[in-house]
Amino acid sequence: MWPMKRRSFLDKSSIGLSTLLVAPKVWGESKKKLFNSKSLVSPFAIATWNVPEAVNLAGNALEKGQNALDAAVEGVSFEESNLKNTTVGKGGAPDREGNVTLDACVMDHFGNCGSVMAVEQITHVAALAKDIMLKTPHVILAGDGARQFALSQGYLPENLLTLESKKAWESWLEKSNYSPEINVENHDTIGMLCCDQQGNLSGACTTSGLAYKMKGRVGDSPVIGSGLFVDNQVGAAVATGLGEEVIKTVGSFLIVELMRQGKTPQASCEEAINRILVKHDEKPDFQVGFIAIDINGRIGAYSIHPGFTYTIYKENKTTIKTVESVFKI
Ligand code: SD4
């Protein structure tokens, strides 16, 4: 119901704009890009960190003709229910009071987006963000409101704190020393970008946030423009690492805007990392990493510290790549 409304609004408002401001030929071109029909780029999925199962899932969905948004949500759902992954979904590290609170967002090729912040008891928060986008008049639902909406949609409440995460939290409590780690187990926040058979781009980003954060703390991952940004006429970017620093520079939006100005995805990721670095005199003791794609299928990735990886599915092959970083080992 909502997507239809939004789409027809988009069509109407764009037609209005084109009549007033844009020559019809230009409108025709931009409309073609917004609603691609067939791409010259073969479908692919790419995600932060070492997540081959998640990327395979998305890649196979894309090969079957699924759209980029659904493929990205399906892909990240694997890590959301992976109990061994302590940075995403069920099994994620809790806040300092022992509550697992999850953040996620999605963005599609129309520029629609949905986001959920600090939600408890719901594992598949990227799907929930998609439901917020598709079934409500809002973009963001937070906390208990998000949880209640999830329950109303048939999501089952679950205890997200596993025995292992509880034990780790209890031993953390002994010193209660808060210092975000660099590269947690090589599969931190999962940010996934997909390009479907039509050449349309979408993304999803999902996380349990920083381990032992303050209650109520929200990072960059569910913040559109910071943790994720998609513009179907340009490209898309997604972030991982210390969210506070990504928010301050609106990292993913920045990367897409740099690509719009003609920079490659790689140069754009490097510039976004530089914008963070110039605020820190010394070698910063935190990690931030970005991956980016453009509409021509080019890829970029860069991080502050070594150890950041990404996983890509393309043409029936899944590969894990080590990302260049400012500082070396
Ligand atoms: C956050 N960006 O909540 C997330 C955490 C993360 O790698 O990505 N860790 O700030």
Side-chain angles (χ1 to χ4, degrees), residues 46-51 54 76 79-80 82 84-89 91-96 99-107 115-120 125-126 129 140 142-143 146 160 165 168 172 178-193 203-229 237-255 269 272-273 275-276 279 284-292 301-311 322-323 325:
I46 180 169
T48 52
W49 303 105
N50 182 349
V51 286
V76 300
E79 291 300 330
E80 289 174 333
N82 177 4
K84 290 195 187 121
N85 186 336
T86 59
T87 54
V88 175
D95 65 16
R96 59 189 61 176
N99 306 305
V100 180
T101 64
L102 304 182
D103 300 331
C105 73
V106 297
M107 191 158 185
S115 160
V116 49
M117 297 181 175
V119 67
E120 297 182 36
V125 278
I140 305 170
L160 304 182
S165 293
W172 176 83
Y178 178 70
S179 61
E181 278 177 53
I182 291 176
N183 303 343
V184 184
E185 296 166 25
N186 223 7
H187 48 58
D188 276 18
T189 295
I190 304 305
M192 185 176 291
L193 306 173
C205 187
T206 179
T207 190
S208 51
L210 298 178
Y212 319 130
K213 59 195 176 186
M214 289 175 70
K215 183 178 169 71
R217 181 267 184 191
V218 172
D220 61 312
S221 305
V223 179
I224 298 295
S226 293
L228 170 72
F229 197 71
V238 73
T240 180
L242 188 65
E244 281 74 3
E245 296 299 327
V246 179
I247 290 171
K248 287 178 204 168
T249 47
V250 200
S252 294
F253 181 72
L254 172 63
I255 289 170
C269 289
I273 290 289
R275 296 280 176 99
I276 295 172
K279 295 172 181 238
D285 62 355
F286 59 82
Q287 175 69 303
V288 171
F290 292 106
I291 58 172
Y302 203 54
S303 63
I304 297 176
H305 292 282
F308 178 41
T309 55
Y310 70 78
T311 311
T322 301
V323 173
S325 54

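Just so it is clear, the model here is predicted, and its values are computed rather than measured. For reference, positions follow the sequence shown, starting with 1. Atoms within a ligand are numbered from 1 in the order they appear, just like the ligands themselves.
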Novice: Specify the closest pair of heavy atoms between P222 and S115, including all atoms of both residues, with the distance to one decimal.
Specialist: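 Where P222 meets S115 most closely, the heavy atoms are O-OG, 2.7 Å.
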Novice: Would you say E80's side chain and T206's backbone share a donor-acceptor pair under 3.5 angstrom?
Specialist: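 Such a contact is absent between E80 side chain and T206 backbone.
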Novice: Can you find an N or O of G219 that's nearer than 3.5 Å to an N or O of ligand 1?
Specialist: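 No; every N/O pair is 3.5 Å or more apart.
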Novice: Please list, in number order, the atoms of ligand 1 under 4.0 Å from a heavy atom of D220.
Specialist: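 With D220 as reference, the close atoms of ligand 1 come out as 1 (C), 2 (N), 4 (C), 10 (O).
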Novice: Examine E244 against ligand 1 and note whether any of their N/O atoms are separated by less than 3.5 Å.
Specialist: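 N/O-N/O distance under 3.5 Å: no.
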Novice: Check ligand 1 against D188 and write out every atom of the ligand that is under 4.0 Å from a heavy-atom position of the residue.
Specialist: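 Listed by number with element, the hits are 7 (O), 9 (N).
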Novice: Taking all non-hydrogen atoms of both residues, which atom of I304 and which atom of P284 are closest, and how far apart?
Specialist: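 So the two residues come closest at CG2-CG, 4.0 Å.
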Novice: W49 and side-chain hydrogen bond (donor to acceptor under 3.5 Å, both in side chains): which partner among D188, T309, T189, T240?
Specialist: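 Considering D188, T309, T189, T240, a side-chain hydrogen bond (donor to acceptor under 3.5 Å, both in side chains) with W49 is found only for T240.
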Novice: Between E244 and K213, is the closest basic N to carboxylate O distance under 4.0 Å?
Specialist: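 So K213 does not pair with E244 through a salt bridge.
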Novice: S221 heavy atoms, cut-off 4.0 Å: which ligand 1 atoms fall inside?
Specialist: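 Result: 2 (N), 4 (C).
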Novice: Between R217 and ligand 1, find which residue part has any heavy-atom pair under 4.0 Å and reply side chain, backbone, both or neither.
Specialist: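 R217 to ligand 1: side-chain contact only, backbone stays beyond 4.0 Å.
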Novice: I'd like to check whether T189 has a polar contact with ligand 1, where a contact means an N/O of the residue lying under 3.5 Å from an N/O of the ligand.
Specialist: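 Min N/O separation from ligand 1 is below 3.5 Å for T189.
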Novice: Using 30° and 60° as the class limits, which term best fits the ring planes of W172 and Y212: parallel, tilted or perpendicular?
Specialist: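 Rings of W172 and Y212: parallel, under 30°.
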Novice: Which residue from G209, G241, P222 reaches closest to atom 4 (C) of ligand 1 through any of its heavy atoms?
Specialist: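 Nearest option to atom 4 (C) of ligand 1, by heavy atoms: G241.
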